[in-house]
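Proteins get letters first, then strands, A, B, ... in listed order; numbering begins at 1 in each.
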Number of protein chains: 2
Amino acid sequence: MVTRKEVAELAGVSEATVSRVFNGVGPMKAQTKQRVQEAAQALNYHPNAIAQSFARRKSGNLGVVLPYVPKVHLFSTYYFSEVLSGIGAKVKEKGYDLLLSFRSLDEESDYIERFRSQKVDACIILGASDTPSERAQLKRLEAEGHSFCLVNQHFAGESFNEIDADHIGGSYQAVKHLMEKGYRQIAFVNGSAQFSNSADRYEGYTRAMREVGKDSEELHKLYYEGNYSRTSGYRMAASLYARRHEIDAIFAANDRMAIGLMQGLRELGWEAGRDVAVVGYDDSDVARVTDPPLTSVAVPFYEMGSLAAERLLAQVAGEPGGFQVKLDTELVVRQSSSRSAME
Amino acid sequence: MVTRKEVAELAGVSEATVSRVFNGVGPMKAQTKQRVQEAAQALNYHPNAIAQSFARRKSGNLGVVLPYVPKVHLFSTYYFSEVLSGIGAKVKEKGYDLLLSFRSLDEESDYIERFRSQKVDACIILGASDTPSERAQLKRLEAEGHSFCLVNQHFAGESFNEIDADHIGGSYQAVKHLMEKGYRQIAFVNGSAQFSNSADRYEGYTRAMREVGKDSEELHKLYYEGNYSRTSGYRMAASLYARRHEIDAIFAANDRMAIGLMQGLRELGWEAGRDVAVVGYDDSDVARVTDPPLTSVAVPFYEMGSLAAERLLAQVAGEPGGFQVKLDTELVVRQSSSRSAME
DNA sequence: ATGAAAGCGCTAACAA
DNA sequence: TTGTTAGCGCTTTCAT
């Protein structure tokens, strides 16, 4: 291990001067600087990051918490991958490191421990859901003064830092699109209620449907609920098929359910894009590869991750005030909802 | 900030005793232990992880390096997600933390800096490729005495730690499967040559083909090369279609290319599973959702990640000897290669 | 422009 | 069984 001390000796300066050179602080003679740099080079000296963190009382780490998802190997979803990439890019730009935490089922999640032990300076929490225990944990974090940010999840009544997307608008657009194509009997396949954006999507859907005169009773009949998995979409196919004479289009709250649904319906002889129009949500990779390709609502996950990291790190650096941002979503039209594909 | 000192005072013991309690070392009276625990609880004391790392001269972090992949938002691939999940689970089990590094294009990758600055105790390198500069960097790492492990990539002639999968066997199985179905004119769509497992797959393919008497010239005519992206598969469709009378099956080196290929061929009127048999590789999520569902070779990515972390951490903990492991792959048959689907 | 020195919170060797 | 103490490598304040 080469320490600062050895560099100082070789360069004939004090240890403090070596630090100054490496941190670029304070005035110093160009010549001194160069001598130090040469000495460091010669010895292959690299400052010890842990010692720096220790002395600075800053870990230099941004934590990212991933939700516990049984069975499904966690990352196998478009959403996490994109958000994480966005965070990673920003964190790197800011000179931070990214510490990943996989949540388990323990009540006291261990990411709280990462905070308390000061192994992270701030934290981005992905896949949070609005349950009493989750709320309580977040409130506790807030009370203890830890900096964190939620992505793609809103907690009504709290002022947590949040980077969300406009799922009301996205859903509204999706349904409007189907209406423009002439559909009116539009079923809505929603995901789990514990995510705020399920409610948002329902809100967007409802708003559009009400505009064409649908009442609560009608909407109720057109409502289905899965859990965002492909399998849940697949399983709902039968129920939707049973009411095929009262349905001419389907809006699913994510692509995975939409795809499961399309597969299930196909097996029953009901083809998406021919017998029924289908629109998904997320515009994930798979939307491009289904048959027919899936019309879907694009969510700027990458940007959301990047922005979350940026704002959070700025806050940690002293910028005052919290933040609650909503980014725009955008409909991407493909064949699953197109009239022409239906001859 | 609550420190050990305050806990010691409240409990009426020395600081060292507090440490002992928290680390469970040395003999101690049950009563002392309890007094310390109560004091800690009362003060809401949590040991400072950075200070511990500093004193122990161990970061407690396992680094994971992700390759630079332009354009494609990095995680959007099954492989990384799975491996990372596997690593995450193991790392957590072992009480380590996971530090993610996204590689950029810089020559001196910054993960080397993570090593030199001792921010990680060891490193798992994903998506490495066999280029001269990469080899040189790895050799340098080795020379500097850093512990690292490669996943899904073999460097011939080196003794780096590696967790790989049997891609020769996997490919051999895939081709044999097609042969059992009666196909003989089997084209091979490979990925980039800089990955050792491209060569492995070619090797497995060749072995099977030679067994039925194919010579080099024939194999040459059946060889295509993309870059593992869906787009590259899509673009190759035309070339394959042009030679459709000399091809009755296609083995693609990953699912993404297989899917692009199937899409491209369909647009040309050549349906996978009807006009031509197709087998992919990776058995990723999408293999289940294509139409027809894609026969593919399953690779135990999750286990590979988990094993890599386990062996590497054991090595860091002092276990002697390096490791080079190859896990088995397994063919998963679906409709894209089935005769029945071809009427 | 540079040096001296006091920590940072903990581990671990040694003493008692 | 418990206390004392010397670091760990660096940052930062205060002198000079």
Original post:
Going by heavy atoms closer than 4.0 Å, what residues in residues 9-25 of chain B are next to DNA chain D?
Top reply: V13(B), S14(B), A16(B), T17(B), R20(B)
Original post:
Would you say the side-chain atoms of D121(A) and S59(A) include a donor-acceptor pair closer than 3.5 Å?
Top reply: yes
Original post:
Whole-Å distance between dG3(D) P and K29(B) NZ?
Top reply: 10 Å
Original post:
Yes or no on side-chain contact (heavy atoms from CB on, under 4.5 Å) for T17(A) and T32(A), after CA distance, side-chain angles and deciding distance?
Top reply: CA-CA 9 Å; T17(A) 298; T32(A) 311; 3.8 Å; yes
Original post:
Centroid-to-centroid, F148(B) to F115(B), below 6.0 Å?
Top reply: no
**OP:** Take D97(B) and L62(B) through the side-chain contact (heavy atoms from CB on, under 4.5 Å) test and state the conclusion after the steps.
**Re:** CA-CA 6 Å; D97(B) 280 304; L62(B) 174 67; over 6 Å; no
**OP:** Decide yes or no on side-chain contact (heavy atoms from CB on, under 4.5 Å) for Q34(B) and K29(B), but give the supporting numbers first.
**Re:** CA-CA 9 Å; Q34(B) 190 179 340; K29(B) 266 164 72 181; over 6 Å; no
Original post:
Can a salt bridge be assigned to the pair K326(A) and E162(A) using a cut-off of 4.0 Å between side-chain N and carboxylate O?
Top reply: no
**OP:** Answer yes or no: is there a side-chain heavy-atom contact under 4.5 Å between F323(A) and C149(A)?
**Re:** yes
Original post:
Do P300(A) and D328(A) come within less than 4.5 Å of each other through their side chains, counting heavy atoms only?
Top reply: no
Original post:
Is atom NZ of K33(A) surrounded by more than 12 heavy atoms (other residues, nucleotides or ligands) closer than 6.0 Å?
Top reply: no
Subject >> DNA chain C contacts among residues 47-60 of chain A, heavy-atom distance under 4.0 Å >> reply: F54(A), A55(A), R57(A)
**OP:** Let me know the distance between NZ of K5(B) and C1' of dT4(D), rounded to the nearest Å.
**Re:** 14 Å
Original post:
Does the pair L312(B) and S147(B) meet the rule for a side-chain contact (heavy atoms from CB on, under 4.5 Å), with working shown?
Top reply: CA-CA 7 Å; L312(B) 196 52; S147(B) 293; 4.2 Å; yes
Subject >> Value in whole Å for how far the P atom of dG3(C) lies from CE of M28(A) >> reply: 13 Å
Subject >> Lys/Arg-Asp/Glu bridge criterion (N-O < 4.0 Å) met for R35(B), E38(B) >> reply: no
**OP:** Write out the stems for DNA chain D, ordered by first number and formatted as range with range, counting runs of at least 3 consecutive Watson-Crick or G-U wobble pairs under 3.5 Å.
**Re:** C:1-16 with D:1-16
Subject >> dT1(D) OP1/OP2 closer than 4.0 Å to side-chain N/O of T32(B) >> reply: no
Original post:
Whole-Å distance between dT2(C) P and K33(A) NZ?
Top reply: 12 Å
Original post:
Just how far, in rounded Å, is C1' of dC10(D) from NE2 of H46(A)?
Top reply: 16 Å
